[in-house]
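See structure below.
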Amino acid sequence: MSNIVAIQNIADYIGQEVTIQGWLYAKTGKGKIQFLQVRDGTGIMQAVLFKPNLPPEIFEAGKRLTQESAVVVRGVVKENGRAPGVPGGFEIDTADLQVVQLSQEYPITPKEHGVEFLLENRHLWIRSRKQWALLRIRATVMRACREWLDTHGYVEMSTPILTPAAGEGTSTLFEVDYFGDTVYLAQTGQLYNEANIYSFGKVYCFGPTFRAEKSKTRRHLTEFWMIEPETAYQDLDGLMEMEEQFVSHVVQRVLQERRPELEVLERDIRMLENVTPPFPRVSYDEAFERITKIREESDDPELKELLKLEWGDDFGSPHETELTKLYDRPIFVYGFPTVCKAFYMEPWPNRPEVCKSVDMLAPEGYGEITGGSERISDPDLLLKRIHEDNLPEEAFTWYMDLRKYGSVPHSGFGLGIERTVAWIAGTHHVREANPFPRTLGRVYP
RNA sequence: UCCUCGGUAGCUCAAUUGGCAGAGCGAGCGGCUGUUAACCGCUUGGUUGUUGGUUCGAGUCCAACCCGAGGAGCCA
């Protein structure tokens, strides 16, 4: 058996005999020549079977291969511009072919399919080129997130998924029976992060998070992954500086390491190359004025209706989309009205109707990818806000403790992985940015 | 929860005014030395989402329900 190599490194083996262990992605051929596209998890490459050069039984076996059959191919690597693949341009002149398993009739053909069918077959759909490319990018995004934080003094702290009460008292939570009591699946680790900073200074949590909202849009999942950094002694300005460094690093890392995958997805990377600090900072007041102006100047009655807005309203998806169209990179919108944000956000100095909150909006209509704020550090103010929002004071006893023992200004944010991946990869729907997405209408497979 | 659209062969879709349920792809067989979703010939393929109703006759009309998709609200 010759050297077993990964297709992603195939350029290093030109002229050498190698072995590829994989699966048949596609096949075509003529009478005396067969072209097999073989994928091995790291890429796709063509194996050529030429009848006069092979024992008859090997050529016949190649001809009879079905889509997704498991195969081991041995042969010499050749450079050939006609050869398709990821990365393309290389093929194996096959000397030997071993059929590990002959696949049964595979439901996902190279032709078009509907969304429902593909989601029903998600366990197989992830093998398809675009899904594979997208999920490879997801893995790189997740690693790049950790990479930036780990090299900037952040300590990863796991926060609980089973929680006793609402994190923010707003969104709908999934209930779980806990030995007769009701507990809830976490929708954020933030409050625990705020405890962790007093031990570690800079922390982050990274894991799944759950929202039982009945949202049916291409931007929503009921289970999604979120990374949440929290930093002691950091105000709102410091938070924005950190966020733009962090997100820029993630995007640039994907550009460095996942070019072939971005090509598979036909992503226009010019918009990604723009993603460098600083990001434009737009106050809520300014954004409000701009959106109002766009609405007034629009001739489209439908858009006019969607863009209806009064001061104090949170922005909806249509507002975000119109606003981000004005910029060529992600933007910060900061200083939202206190009424539309969570209780723990620090009020703006001398303007209590506004809080020190900030959302990052991705360009090209992908919407909100991070939400964050400077947190209230004063115990009296925090208690007042808990009362104003009619939250149960006793549930926040431990959280109030954090304001008694060495309380400092601090801030943090949460970044939604699927939305970020969908934006970077240029994918229409967030569900494709998760290997096995959970949506309002689907928990299978 | 509300609004809109959809459900016919394994898949993607068609079916005129209510009148024999079809095509392409896939799969099977044969042919072809450079394919890129190859091509050519033959073969194979049906509980029309469910239940009830109208009718001589329903994929088509009516009612209820089920499932899915897109959007709104809410949110990352």
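From a predicted model like this one, the values you see are computed outputs, not experimental measurements.
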For this session: Could you check whether A:His429 gets within reach of a base, just the sugar-phosphate, or nothing at all, counting any heavy atom under 4.0 Å?
Result: sugar-phosphate
Exercise. Between B:A72 atom P and A:Phe315 atom CZ, what is the distance in whole Å?
Worked result: 16 Å
Exercise. Looking only at side chains, do A:Ser283 and A:Asp285 share a donor and an acceptor under 3.5 Å apart?
Worked result: no
For this session: Please report, rounded to the nearest Å, how far the C1' atom of B:G31 is from the NZ atom of A:Lys51.
Result: 11 Å
Exercise. Taking the P atom of each, how far is B:G49 from B:G59, in whole Å?
Worked result: 10 Å
For this session: State whether a side-chain donor-acceptor pair under 3.5 Å links A:Gln190 with A:Glu230.
Result: no
Exercise. With rounding to whole Å, what would you report as the distance between B:G26 and B:U12 at their C1' atoms?
Worked result: 11 Å
Problem set entry | A:Gln98 side chain to A:Arg74 side chain, donor-acceptor N/O pair below 3.5 angstrom | no
Exercise. Do A:Arg419 and B:C75 share a donor-acceptor pair, side chain to base, under 3.5 Å?
Worked result: yes
Problem set entry | Separation between the P atoms of B:A58 and B:C20, rounded to whole Å | 12 Å
Restricting to nitrogen or oxygen on both sides, can you table the protein-nucleotides 1-3 of chain B pairs closer than 3.5 Å?
| from | atom 1 | to | atom 2 | distance (Å) |
| --- | --- | --- | --- | --- |
| B:U1 | O4 | A:Lys214 | O | 3.0 |

For this session: Looking at every strand, decide which applies to A:Thr420 at a 4.0 Å heavy-atom threshold: base, sugar-phosphate, or nothing.
Result: nothing
For this session: Taking the side chain as every heavy atom from C-beta outward, state whether A:Lys30 and A:Ile33 have any atom pair closer than 4.5 Å.
Result: yes
For this session: Determine the Euclidean distance between corresponding C1' atoms of B:C66 and B:U16; express it in Å to zero decimal places.
Result: 30 Å
For this session: Could you measure between the two P atoms, the one in B:C5 and the one in B:C42, and give it in whole Å?
Result: 42 Å
For this session: Under a 3.5 Å limit for both distances, which nucleotide forms a Watson-Crick or G-U wobble pair with B:C32, could you say?
Result: none
Strictly under 3.5 Å: I want the nitrogen or oxygen pairs between protein and nucleotides 27-29 of chain B, one per line.
| from | atom 1 | to | atom 2 | distance (Å) |
| --- | --- | --- | --- | --- |
| B:C29 | OP1 | A:Arg64 | NH1 | 3.4 |

Exercise. Is any side-chain heavy atom of A:Met226 less than 4.5 Å from a side-chain heavy atom of A:Ile417?
Worked result: no
For this session: Could you work out the separation of B:C40 and B:A14 based on their C1' atoms and round it to a whole Å?
Result: 25 Å
For this session: Name the nucleic acid region contacted by A:Leu221, choosing base, sugar-phosphate or nothing; use a 4.0 angstrom heavy-atom cut-off, strictly under.
Result: base
For this session: Establish, from distance only, whether the side-chain atoms of A:Thr222 and A:Arg438 form a donor-acceptor pair under 3.5 Å.
Result: no
Exercise. Is it true that the side chains of A:Glu228 and A:Tyr204 contain a donor and an acceptor less than 3.5 Å apart?
Worked result: no
Problem set entry | Nucleotide nearest A:Phe117 when distance is taken to its side chain, options B:A69, B:G31, B:U12 | B:U12
Exercise. Heavy atoms under 4.0 Å, any strand shown: does A:Phe224 hit a base, just sugar-phosphate, or nothing?
Worked result: base
Problem set entry | Side-chain H-bond candidate by donor/acceptor type, A:Arg136 with A:Gln8, under 3.5 Å | yes
Seminar exercise, completed: From CG of A:Leu49 across to P of B:U33 the rounded distance in Å is 15 Å
For this session: Heavy atoms under 4.0 Å is the rule here; annotate nucleotides 35-42 of chain B 5' to 3' with B where the base is hit, S where only the sugar-phosphate is, and - elsewhere.
Result: BBBB----
Exercise. Where each residue is assigned the nucleotide of RNA chain B containing its nearest heavy atom, which of A:His319 and A:Asp359 is assigned the position nearer the 5′ end?
Worked result: A:His319
Problem set entry | Span that lies between the C1' atom of B:C13 and that of B:U48, in whole angstrom | 13 Å
For this session: Please lay out, stage by stage, how A:Arg138 and A:Glu418 fare under the test salt bridge (Lys or Arg N to Asp or Glu O under 4.0 Å).
Result: CA-CA 8 Å; A:Arg138 174 191 166 97; A:Glu418 285 81 3; 2.9 Å; yes
Exercise. Can a side chain N or O of A:Arg219 be found less than 4.0 Å away from OP1 or OP2 on B:G73?
Worked result: no
Exercise. Quick one: do the A:His410 and A:Glu374 side chains pair a donor with an acceptor below 3.5 Å?
Worked result: no
Exercise. Touch check for A:Gly367, heavy atoms < 4.0 angstrom, all strands: base, sugar-phosphate only, or nothing?
Worked result: nothing
Seminar exercise, completed: Contacts of A:Glu116 and A:Ser317 projected onto RNA chain B by closest heavy atom; the upstream (5') one is A:Glu116
For this session: Indicate yes or no for a side-chain donor-acceptor contact from A:Ser357 to the backbone of A:Phe336 under 3.5 Å, with no hydrogens or angles considered.
Result: yes
Exercise. Have A:Tyr192 and A:Ser158 got a donor and an acceptor in their side chains that come within less than 3.5 Å?
Worked result: no
Exercise. Is the shortest side-chain N/O distance from A:His113 to OP1 or OP2 of B:G10 below 4.0 Å?
Worked result: no
Exercise. Paired with B:A37 by Watson-Crick or G-U wobble geometry, both distances under 3.5 Å: which nucleotide is it?
Worked result: none
For this session: Write down the distance between CG (A:Asn434) and P (B:A76), rounded to a whole number of angstrom.
Result: 18 Å
Exercise. Does A:Glu156 reach the side chain of A:Phe206, with side-chain heavy atoms less than 4.5 Å apart?
Worked result: yes
Exercise. Looking only at atom C1', what distance separates B:G70 and B:A63, rounded to whole Å?
Worked result: 26 Å
For this session: Scan every strand shown for a Watson-Crick or G-U wobble partner of B:C65, both distances under 3.5 Å, and answer none if you come up empty.
Result: B:G49
Exercise. Between A:His319 and A:Phe315, how do the two ring planes meet: parallel, tilted or perpendicular, split at 30° and 60°?
Worked result: tilted
